[in-house]
There are 2 protein chains.
Amino acid sequence: MSERKLTRNQQLVLDRLAASGSALTAYDLLDQLRGEGLRAPVQVYRALETLGQRGLIHRIESMNAFIACCAHDHQAAAGFAICDDCGEVAEFAFPASEEGLRSEVGKAGFETRHMTVELHGRCAACAGR
Amino acid sequence: MSERKLTRNQQLVLDRLAASGSALTAYDLLDQLRGEGLRAPVQVYRALETLGQRGLIHRIESMNAFIACCAHDHQAAAGFAICDDCGEVAEFAFPASEEGLRSEVGKAGFETRHMTVELHGRCAACAGR
DNA sequence: CAAAGAAGTGTAATGATATAACGTATGTTT
DNA sequence: AAACATACGTTATATCATTACACTTCTTTG
(Lines give C-alpha, C1' and ligand atoms only; values in the text may rest on other atoms or scores of the structure.)
Protein backbone atom coordinates (compact mmCIF):
# COMPACT_ATOMS: atom_id res chain seq x y z
CA MET A 1 0.00 0.00 0.00
CA SER A 2 0.86 3.62 0.32
CA GLU A 3 1.98 2.91 3.87
CA ARG A 4 5.41 1.56 3.20
CA LYS A 5 8.04 2.71 5.62
CA LEU A 6 10.43 5.26 4.21
CA THR A 7 13.69 3.81 2.96
CA ARG A 8 17.07 5.02 4.13
CA ASN A 9 17.58 7.35 1.16
CA GLN A 10 14.07 8.75 1.40
CA GLN A 11 14.47 9.40 5.13
CA LEU A 12 17.84 11.08 4.64
CA VAL A 13 16.42 13.44 2.03
CA LEU A 14 13.31 14.22 4.06
CA ASP A 15 15.29 14.85 7.25
CA ARG A 16 17.68 17.15 5.47
CA LEU A 17 14.81 19.14 3.98
CA ALA A 18 13.01 19.32 7.31
CA ALA A 19 16.17 20.59 9.00
CA SER A 20 16.47 23.43 6.50
CA GLY A 21 14.12 26.40 6.65
CA SER A 22 14.75 27.12 3.01
CA ALA A 23 14.27 25.29 -0.21
CA LEU A 24 17.10 23.06 -1.37
CA THR A 25 17.89 21.94 -4.90
CA ALA A 26 18.46 18.28 -5.66
CA TYR A 27 22.16 18.99 -6.03
CA ASP A 28 22.25 20.86 -2.70
CA LEU A 29 20.79 17.74 -1.13
CA LEU A 30 23.24 15.50 -2.91
CA ASP A 31 26.20 17.54 -1.70
CA GLN A 32 24.91 17.57 1.86
CA LEU A 33 24.29 13.83 1.85
CA ARG A 34 27.54 12.63 0.29
CA GLY A 35 28.76 11.94 3.82
CA GLU A 36 25.87 9.51 4.19
CA GLY A 37 26.91 7.62 1.10
CA LEU A 38 24.84 9.21 -1.64
CA ARG A 39 26.77 9.54 -4.87
CA ALA A 40 24.51 10.31 -7.81
CA PRO A 41 21.74 12.81 -8.65
CA VAL A 42 19.32 10.06 -9.55
CA GLN A 43 19.37 8.75 -6.01
CA VAL A 44 18.14 12.11 -4.76
CA TYR A 45 15.59 12.55 -7.53
CA ARG A 46 14.14 9.12 -6.84
CA ALA A 47 13.71 9.89 -3.16
CA LEU A 48 12.17 13.26 -4.01
CA GLU A 49 9.69 11.63 -6.34
CA THR A 50 8.41 9.21 -3.72
CA LEU A 51 8.29 11.88 -1.02
CA GLY A 52 6.35 14.11 -3.37
CA GLN A 53 3.82 11.39 -4.16
CA ARG A 54 3.24 10.91 -0.46
CA GLY A 55 2.70 14.62 0.13
CA LEU A 56 5.74 14.96 2.40
CA ILE A 57 7.51 17.57 0.32
CA HIS A 58 6.69 20.25 -2.22
CA ARG A 59 8.53 21.38 -5.29
CA ILE A 60 9.07 25.13 -5.63
CA GLU A 61 8.80 25.58 -9.36
CA SER A 62 10.24 29.06 -9.50
CA MET A 63 13.44 27.88 -7.79
CA ASN A 64 13.84 24.33 -9.09
CA ALA A 65 14.02 23.39 -5.45
CA PHE A 66 12.23 21.37 -2.81
CA ILE A 67 10.92 21.93 0.67
CA ALA A 68 9.46 19.77 3.44
CA CYS A 69 5.70 20.01 3.72
CA CYS A 70 4.50 21.49 6.98
CA ALA A 71 0.80 21.49 6.22
CA HIS A 72 -1.73 19.63 8.28
CA ASP A 73 -4.22 19.26 5.48
CA HIS A 74 -2.36 18.40 2.35
CA GLN A 75 -5.53 18.05 0.36
CA ALA A 76 -5.67 21.84 0.29
CA ALA A 77 -3.43 23.67 -2.13
CA ALA A 78 -0.21 25.04 -0.68
CA GLY A 79 1.13 28.50 -1.36
CA PHE A 80 4.66 29.71 -0.72
CA ALA A 81 6.03 33.09 0.27
CA ILE A 82 9.65 33.23 -0.80
CA CYS A 83 12.01 35.91 0.48
CA ASP A 84 14.39 36.82 -2.34
CA ASP A 85 16.75 38.45 0.14
CA CYS A 86 17.31 35.66 2.68
CA GLY A 87 15.85 32.64 0.92
CA GLU A 88 13.33 31.81 3.63
CA VAL A 89 10.26 30.00 2.34
CA ALA A 90 6.99 30.06 4.27
CA GLU A 91 4.16 27.72 3.38
CA PHE A 92 0.64 29.02 3.69
CA ALA A 93 -2.94 28.01 2.98
CA PHE A 94 -5.37 30.21 1.09
CA PRO A 95 -8.74 28.49 1.03
CA ALA A 96 -10.73 31.51 -0.08
CA SER A 97 -8.39 32.51 -2.90
CA GLU A 98 -8.05 28.88 -3.90
CA GLU A 99 -11.78 28.71 -4.50
CA GLY A 100 -11.65 32.04 -6.28
CA LEU A 101 -8.95 30.85 -8.68
CA ARG A 102 -10.60 27.52 -9.28
CA SER A 103 -13.88 29.18 -10.20
CA GLU A 104 -12.19 31.90 -12.23
CA VAL A 105 -10.81 29.35 -14.69
CA GLY A 106 -13.82 27.09 -14.17
CA LYS A 107 -15.92 29.67 -15.97
CA ALA A 108 -14.09 28.64 -19.13
CA GLY A 109 -14.61 24.96 -18.41
CA PHE A 110 -11.13 24.33 -17.08
CA GLU A 111 -10.80 21.53 -14.49
CA THR A 112 -8.01 22.35 -12.08
CA ARG A 113 -5.94 19.42 -10.86
CA HIS A 114 -3.02 21.22 -9.28
CA MET A 115 -2.11 24.78 -8.36
CA THR A 116 1.30 26.40 -8.22
CA VAL A 117 1.16 29.56 -6.11
CA GLU A 118 4.51 31.15 -5.31
CA LEU A 119 4.88 34.71 -4.05
CA HIS A 120 8.28 36.32 -4.31
CA GLY A 121 9.21 39.36 -2.27
CA ARG A 122 10.72 40.27 1.04
CA CYS A 123 10.01 38.74 4.43
CA ALA A 124 9.30 40.78 7.55
CA ALA A 125 12.77 40.24 8.99
CA CYS A 126 14.53 41.45 5.85
CA ALA A 127 12.17 44.39 5.41
CA GLY A 128 12.95 45.47 8.95
CA ARG A 129 16.66 45.91 8.25
CA MET B 1 14.56 54.91 -22.22
CA SER B 2 12.39 51.86 -22.06
CA GLU B 3 10.99 52.77 -25.46
CA ARG B 4 13.72 51.42 -27.64
CA LYS B 5 12.51 49.67 -30.73
CA LEU B 6 12.76 45.90 -30.56
CA THR B 7 15.81 44.45 -32.23
CA ARG B 8 15.64 41.82 -34.92
CA ASN B 9 16.26 38.93 -32.51
CA GLN B 10 13.78 40.26 -30.00
CA GLN B 11 11.13 40.68 -32.68
CA LEU B 12 11.72 37.19 -34.05
CA VAL B 13 11.31 35.62 -30.63
CA LEU B 14 8.23 37.67 -29.79
CA ASP B 15 6.56 36.96 -33.13
CA ARG B 16 7.23 33.25 -32.79
CA LEU B 17 5.71 33.20 -29.31
CA ALA B 18 2.72 35.25 -30.39
CA ALA B 19 2.08 32.87 -33.29
CA SER B 20 1.99 29.89 -30.93
CA GLY B 21 -0.98 29.36 -28.64
CA SER B 22 1.13 27.32 -26.27
CA ALA B 23 4.23 27.92 -24.25
CA LEU B 24 7.57 27.34 -25.94
CA THR B 25 10.89 26.57 -24.31
CA ALA B 26 13.99 28.54 -25.21
CA TYR B 27 15.26 25.56 -27.16
CA ASP B 28 11.94 25.20 -29.00
CA LEU B 29 12.35 28.81 -30.05
CA LEU B 30 15.94 28.29 -31.05
CA ASP B 31 15.03 25.33 -33.25
CA GLN B 32 12.19 27.23 -34.88
CA LEU B 33 14.38 30.27 -35.54
CA ARG B 34 17.47 28.56 -36.92
CA GLY B 35 16.14 29.35 -40.37
CA GLU B 36 16.26 33.03 -39.43
CA GLY B 37 19.92 32.75 -38.50
CA LEU B 38 19.82 32.12 -34.78
CA ARG B 39 22.49 29.68 -33.68
CA ALA B 40 22.98 29.67 -29.93
CA PRO B 41 20.77 29.41 -26.83
CA VAL B 42 22.14 32.62 -25.39
CA GLN B 43 20.73 34.60 -28.29
CA VAL B 44 17.24 33.39 -27.40
CA TYR B 45 17.71 33.86 -23.67
CA ARG B 46 18.89 37.43 -24.17
CA ALA B 47 15.85 38.28 -26.24
CA LEU B 48 13.59 36.60 -23.69
CA GLU B 49 15.13 38.62 -20.88
CA THR B 50 14.51 41.95 -22.57
CA LEU B 51 10.99 40.97 -23.63
CA GLY B 52 10.25 39.91 -20.06
CA GLN B 53 11.51 43.20 -18.64
CA ARG B 54 9.20 45.05 -20.99
CA GLY B 55 6.20 42.96 -20.00
CA LEU B 56 5.74 41.49 -23.45
CA ILE B 57 6.12 37.87 -22.43
CA HIS B 58 5.70 35.70 -19.35
CA ARG B 59 7.72 32.80 -18.08
CA ILE B 60 5.75 29.70 -17.12
CA GLU B 61 7.79 28.41 -14.20
CA SER B 62 6.23 24.99 -14.02
CA MET B 63 7.13 24.31 -17.65
CA ASN B 64 10.42 26.17 -18.05
CA ALA B 65 8.73 27.82 -20.96
CA PHE B 66 7.62 31.20 -22.24
CA ILE B 67 4.46 32.70 -23.66
CA ALA B 68 3.47 36.00 -25.24
CA CYS B 69 1.61 38.32 -22.91
CA CYS B 70 -1.95 39.01 -23.97
CA ALA B 71 -2.95 41.14 -21.01
CA HIS B 72 -4.09 44.72 -21.35
CA ASP B 73 -3.04 45.71 -17.86
CA HIS B 74 0.30 44.20 -17.17
CA GLN B 75 0.55 45.83 -13.80
CA ALA B 76 -1.89 43.22 -12.55
CA ALA B 77 -0.59 39.75 -11.81
CA ALA B 78 -1.15 37.18 -14.51
CA GLY B 79 -2.39 33.67 -13.87
CA PHE B 80 -2.16 30.75 -16.27
CA ALA B 81 -4.44 27.79 -16.85
CA ILE B 82 -2.38 25.04 -18.43
CA CYS B 83 -3.98 22.02 -20.05
CA ASP B 84 -1.77 19.02 -19.38
CA ASP B 85 -3.49 17.09 -22.16
CA CYS B 86 -3.13 19.45 -25.13
CA GLY B 87 -0.64 22.01 -23.85
CA GLU B 88 -2.86 25.03 -24.33
CA VAL B 89 -2.09 27.88 -21.97
CA ALA B 90 -4.69 30.52 -21.16
CA GLU B 91 -3.75 33.72 -19.39
CA PHE B 92 -6.21 35.14 -16.91
CA ALA B 93 -6.52 37.93 -14.38
CA PHE B 94 -7.67 37.35 -10.82
CA PRO B 95 -7.86 40.73 -9.08
CA ALA B 96 -9.87 39.54 -6.10
CA SER B 97 -7.73 36.48 -5.38
CA GLU B 98 -4.62 38.51 -6.01
CA GLU B 99 -5.58 40.85 -3.20
CA GLY B 100 -6.52 37.87 -1.05
CA LEU B 101 -3.10 36.27 -1.52
CA ARG B 102 -1.24 39.50 -1.02
CA SER B 103 -3.01 40.16 2.26
CA GLU B 104 -2.76 36.53 3.37
CA VAL B 105 1.05 36.71 3.42
CA GLY B 106 0.97 40.39 4.35
CA LYS B 107 -0.36 39.37 7.76
CA ALA B 108 3.11 37.99 8.42
CA GLY B 109 4.79 41.15 7.17
CA PHE B 110 5.71 39.75 3.76
CA GLU B 111 5.96 42.29 0.93
CA THR B 112 4.96 40.65 -2.34
CA ARG B 113 6.86 41.75 -5.40
CA HIS B 114 5.82 39.08 -7.87
CA MET B 115 3.29 36.26 -8.02
CA THR B 116 3.51 32.96 -9.87
CA VAL B 117 0.04 31.47 -10.28
CA GLU B 118 -0.16 28.43 -12.55
CA LEU B 119 -3.12 26.08 -12.61
CA HIS B 120 -2.63 22.68 -14.17
CA GLY B 121 -5.53 20.55 -15.28
CA ARG B 122 -7.68 19.93 -18.30
CA CYS B 123 -9.19 22.47 -20.65
CA ALA B 124 -12.81 22.43 -21.74
CA ALA B 125 -12.03 21.03 -25.18
CA CYS B 126 -10.03 18.11 -23.78
CA ALA B 127 -12.58 17.41 -21.05
CA GLY B 128 -15.28 17.20 -23.71
CA ARG B 129 -13.62 14.31 -25.50
C1' DC C 1 8.19 -20.83 3.86
C1' DA C 2 9.10 -20.33 -0.96
C1' DA C 3 7.86 -18.14 -5.14
C1' DA C 4 6.40 -14.06 -7.38
C1' DG C 5 5.95 -9.38 -7.78
C1' DA C 6 6.67 -4.58 -6.52
C1' DA C 7 9.73 -1.19 -5.08
C1' DG C 8 14.27 0.35 -4.36
C1' DT C 9 19.46 0.42 -5.23
C1' DG C 10 23.98 1.96 -7.43
C1' DT C 11 26.53 3.08 -11.59
C1' DA C 12 27.14 5.21 -15.90
C1' DA C 13 25.79 7.95 -19.49
C1' DT C 14 23.09 11.44 -21.46
C1' DG C 15 19.52 14.94 -22.10
C1' DA C 16 17.48 19.51 -21.11
C1' DT C 17 17.74 24.11 -19.32
C1' DA C 18 20.51 28.31 -18.49
C1' DT C 19 24.58 31.38 -17.91
C1' DA C 20 29.53 33.30 -18.15
C1' DA C 21 33.20 35.37 -20.62
C1' DC C 22 35.07 37.45 -24.58
C1' DG C 23 35.62 40.76 -28.13
C1' DT C 24 32.96 43.26 -31.59
C1' DA C 25 29.16 45.96 -33.58
C1' DT C 26 25.43 49.19 -33.52
C1' DG C 27 22.56 52.83 -32.02
C1' DT C 28 21.90 57.10 -29.05
C1' DT C 29 23.32 61.09 -26.66
C1' DT C 30 26.17 64.90 -26.11
C1' DA D 1 33.11 62.69 -33.44
C1' DA D 2 33.56 60.97 -28.79
C1' DA D 3 31.33 58.62 -25.10
C1' DC D 4 28.00 55.61 -23.57
C1' DA D 5 24.62 51.97 -23.41
C1' DT D 6 22.78 48.15 -25.56
C1' DA D 7 23.01 44.28 -28.39
C1' DC D 8 25.54 40.95 -31.07
C1' DG D 9 27.84 36.15 -32.16
C1' DT D 10 30.90 32.52 -30.58
C1' DT D 11 32.53 29.31 -27.39
C1' DA D 12 32.53 27.08 -23.30
C1' DT D 13 30.52 25.73 -19.10
C1' DA D 14 27.19 25.47 -15.28
C1' DT D 15 22.92 23.66 -13.53
C1' DC D 16 18.91 20.71 -13.42
C1' DA D 17 16.85 16.11 -14.58
C1' DT D 18 16.24 11.53 -16.79
C1' DT D 19 17.21 6.94 -19.12
C1' DA D 20 19.07 2.38 -19.12
C1' DC D 21 20.82 -1.58 -16.97
C1' DA D 22 21.76 -5.17 -13.80
C1' DC D 23 21.13 -6.31 -9.07
C1' DT D 24 18.91 -6.28 -4.21
C1' DT D 25 15.45 -5.95 -0.73
C1' DC D 26 10.96 -5.85 0.84
C1' DT D 27 5.98 -7.55 0.81
C1' DT D 28 2.38 -10.45 -0.45
C1' DT D 29 0.31 -14.57 -1.07
C1' DG D 30 -0.25 -19.44 -2.43
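Within every chain, numbering begins at 1; the chains are lettered A, B, ... in the order of the sequence lines, protein sequences first and strands thereafter.
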If I take atom [atom1] in residue [X] and atom [atom2] in nucleotide [N], what distance separates them, rounded to the nearest angstrom?
{"X": "B:Leu29", "N": "C:dA18", "atom1": "CG", "atom2": "P", "answer": "11 Å"}
{"X": "B:Tyr45", "N": "C:dT19", "atom1": "OH", "atom2": "P", "answer": "7 Å"}
{"X": "A:Ile60", "N": "D:dA17", "atom1": "CD1", "atom2": "P", "answer": "13 Å"}
{"X": "B:Gln43", "N": "D:dT10", "atom1": "CD", "atom2": "C1'", "answer": "9 Å"}
{"X": "A:Leu48", "N": "D:dC16", "atom1": "CG", "atom2": "P", "answer": "13 Å"}
{"X": "B:Glu36", "N": "D:dG9", "atom1": "CD", "atom2": "C1'", "answer": "17 Å"}
{"X": "A:Leu30", "N": "D:dT15", "atom1": "CG", "atom2": "C1'", "answer": "13 Å"}
{"X": "B:Lys5", "N": "C:dG27", "atom1": "NZ", "atom2": "C1'", "answer": "11 Å"}

So does [X] get a side-chain nitrogen or oxygen closer than 4.0 Å to the phosphate oxygens (OP1/OP2) of [N]?
{"X": "A:Asn64", "N": "D:dT15", "result": "no"}
{"X": "A:Thr50", "N": "C:dA7", "result": "no"}
{"X": "B:Thr7", "N": "D:dC8", "result": "yes"}

Could you pick out which residue, B:Arg46 or B:Arg59, lies toward the 5' side of DNA chain C when each is mapped onto its nearest nucleotide? B:Arg59
Between B:Ala65 and A:Gln10, just flag the one whose closest nucleotide in DNA chain C comes earlier from the 5' side. A:Gln10
Taking the inter-plane angle between the rings of B:Tyr45 and B:Tyr27 on a 0 to 90° scale, is it parallel (under 30°), tilted (30 to 60°) or perpendicular (over 60°)? perpendicular
Please determine whether a side-chain nitrogen of the Lys or Arg among B:Asp85 and A:Arg113 lies less than 4.0 Å from a carboxylate oxygen of the Asp or Glu. yes
On a plain distance test, is the side chain of [X] in donor-acceptor contact with the base of [N] below 3.5 Å?
{"X": "A:Tyr27", "N": "D:dA14", "result": "no"}
{"X": "A:Arg4", "N": "C:dG8", "result": "no"}
{"X": "A:Arg8", "N": "C:dG8", "result": "no"}

Donor-acceptor contact below 3.5 Å, side chain B:Thr112 vs main chain B:His114: no
Please confirm whether the backbone N or O of B:Leu29 pairs with a side-chain atom of B:Gln32, one donor and one acceptor, at under 3.5 Å? no
Under the criterion salt bridge (charged side-chain N to carboxylate O under 4.0 Å, His left out), I'd like the reasoning laid out for B:Glu49 against B:Arg46: C-alpha separation, chi angles, the key distance, then a yes or no. CA-CA 5 Å; B:Glu49 185 181 5; B:Arg46 284 198 284 229; over 6 Å; no
Within the structure shown, what part of the strands sits under 4.0 Å from A:Ala40 by heavy-atom distance: base, sugar-phosphate, or nothing? base
